[in-house]
Amino acid sequence: KARQVKVHVSADGVEVFSIPDGKTVTTPEQILRSPIRSISFTGVDSNNKKLFAYISNDPKTNSMLCHVFQCKSKAKPLQEAVKAAFKVAKQLRSDPFAVGRDM
């Protein structure tokens with residue numbers, strides 16, 4: 001059975017946390033962290049709109065990793081969140097004070 005997780009997206013990257021089940025997992029634990037700079041691709045499966053995936057570079061193993069998640073509903077909002085995070089991260093790299101300031 002697939003493990004249920006919570007995915008947190010920010011300008012720093014994508015973090016995946018376990019969801020406490022009260023038995024084996026009692027507190028959320030970070031399972032995965034992918035810095036935004038390591039993510040090279042995101043996508044939603046064209047046949048199954050609940051499947052979201054992203055590819056990241058793992059510098060420790062010098063390899064590319066594909067992370068796939070099956071969402072409870074459509075995966076497009078998750079992909080859009082990562083897209084927005086890329087945009088914010090780019091703004092922060094060029095102007096660290098740009099976010100939250102009226103342009």
Side-chain angles (χ1 to χ4, degrees):
K1 182 179 176 182
R3 177 172 31 174
Q4 289 196 2
V5 297
K6 178 180 179 182
V7 179
H8 180 260
V9 178
S10 72
D12 292 327
V14 175
E15 295 174 294
V16 180
F17 295 90
S18 61
I19 295 178
D21 62 7
K23 296 175 185 174
T24 57
V25 179
T26 56
T27 58
E29 293 179 11
Q30 186 181 60
I31 300 169
L32 171 68
R33 181 179 183 283
S34 300
I36 200 78
R37 287 181 174 221
S38 74
I39 299 171
S40 60
F41 177 81
T42 67
V44 174
D45 187 278
S46 60
N47 294 319
N48 183 345
K49 303 295 183 190
K50 292 183 177 184
L51 291 180
F52 167 77
Y54 72 90
I55 296 173
S56 65
N57 180 40
D58 183 359
K60 291 178 186 175
T61 61
N62 197 27
S63 60
M64 302 297 284
L65 303 174
C66 181
H67 308 280
V68 181
F69 302 89
Q70 182 172 342
C71 302
K72 289 182 180 178
S73 56
K74 291 186 178 180
K76 189 71 172 169
L78 183 53
Q79 182 184 31
E80 293 296 324
V82 176
K83 180 181 175 182
F86 274 117
K87 189 174 184 176
V88 171
K90 182 179 178 184
Q91 287 175 327
L92 287 172
R93 279 195 303 277
S94 63
D95 181 359
F97 302 104
V99 177
R101 180 178 67 202
D102 292 330
M103 301 276 174

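Numbers here simply count residues along the sequence, with the first being 1.
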Are [X] and [Y] grouped together when hydrophobic residues (ILVMFWY) are joined by side-chain heavy atoms under 4.5 angstrom apart?
{"X": "Val9", "Y": "Phe17", "result": "no"}
{"X": "Val7", "Y": "Phe52", "result": "yes"}
{"X": "Phe86", "Y": "Val16", "result": "yes"}
{"X": "Met64", "Y": "Leu32", "result": "no"}
{"X": "Val82", "Y": "Val88", "result": "no"}

Atom pair [atom1] ([X]) and [atom2] ([Y]), whose distance is rounded to the nearest 0.5 Å:
{"X": "His8", "Y": "Gln30", "atom1": "NE2", "atom2": "CD", "result": "10.5 Å"}
{"X": "Thr42", "Y": "Leu78", "atom1": "OG1", "atom2": "CG", "result": "8.5 Å"}
{"X": "Ser40", "Y": "Asn57", "atom1": "OG", "atom2": "CG", "result": "7.5 Å"}
{"X": "Lys87", "Y": "Gln91", "atom1": "NZ", "atom2": "CD", "result": "6.5 Å"}
{"X": "Phe41", "Y": "Ser56", "atom1": "CZ", "atom2": "OG", "result": "13.0 Å"}
{"X": "Gln79", "Y": "Lys49", "atom1": "CD", "atom2": "NZ", "result": "10.0 Å"}

Q) Does the side chain to side chain contact (heavy atoms under 4.5 Å, CB included) test come out yes or no for Lys76 and Lys50, once each step is laid out? A) CA-CA 8 Å; Lys76 189 71 172 169; Lys50 292 183 177 184; over 6 Å; no
Would you say that [X] contacts [Y] through its side chain, given a criterion of any heavy-atom pair below 4.5 Å between the two side chains?
{"X": "Ile55", "Y": "Ile39", "value": "no"}
{"X": "Arg3", "Y": "Ile31", "value": "yes"}
{"X": "Leu51", "Y": "Phe69", "value": "no"}
{"X": "Lys72", "Y": "Gln4", "value": "yes"}

Q. Looking at Ser10 and Ala85, what are the two nearest heavy atoms and their distance?
A. O-CB, 3.3 Å
Q.
Restricting to side chain to side chain donor-acceptor pair (under 3.5 Å), what partner residues turn up for Ser34, sequence neighbours left out?
A. Tyr54
Q) So, does Ser18 use its side chain to make a donor-acceptor pair with the main chain of Glu29 at under 3.5 Å? A) yes
Q) Counting only heavy atoms not in Arg33, do more than 12 fall under 6.0 Å of its CZ? A) yes
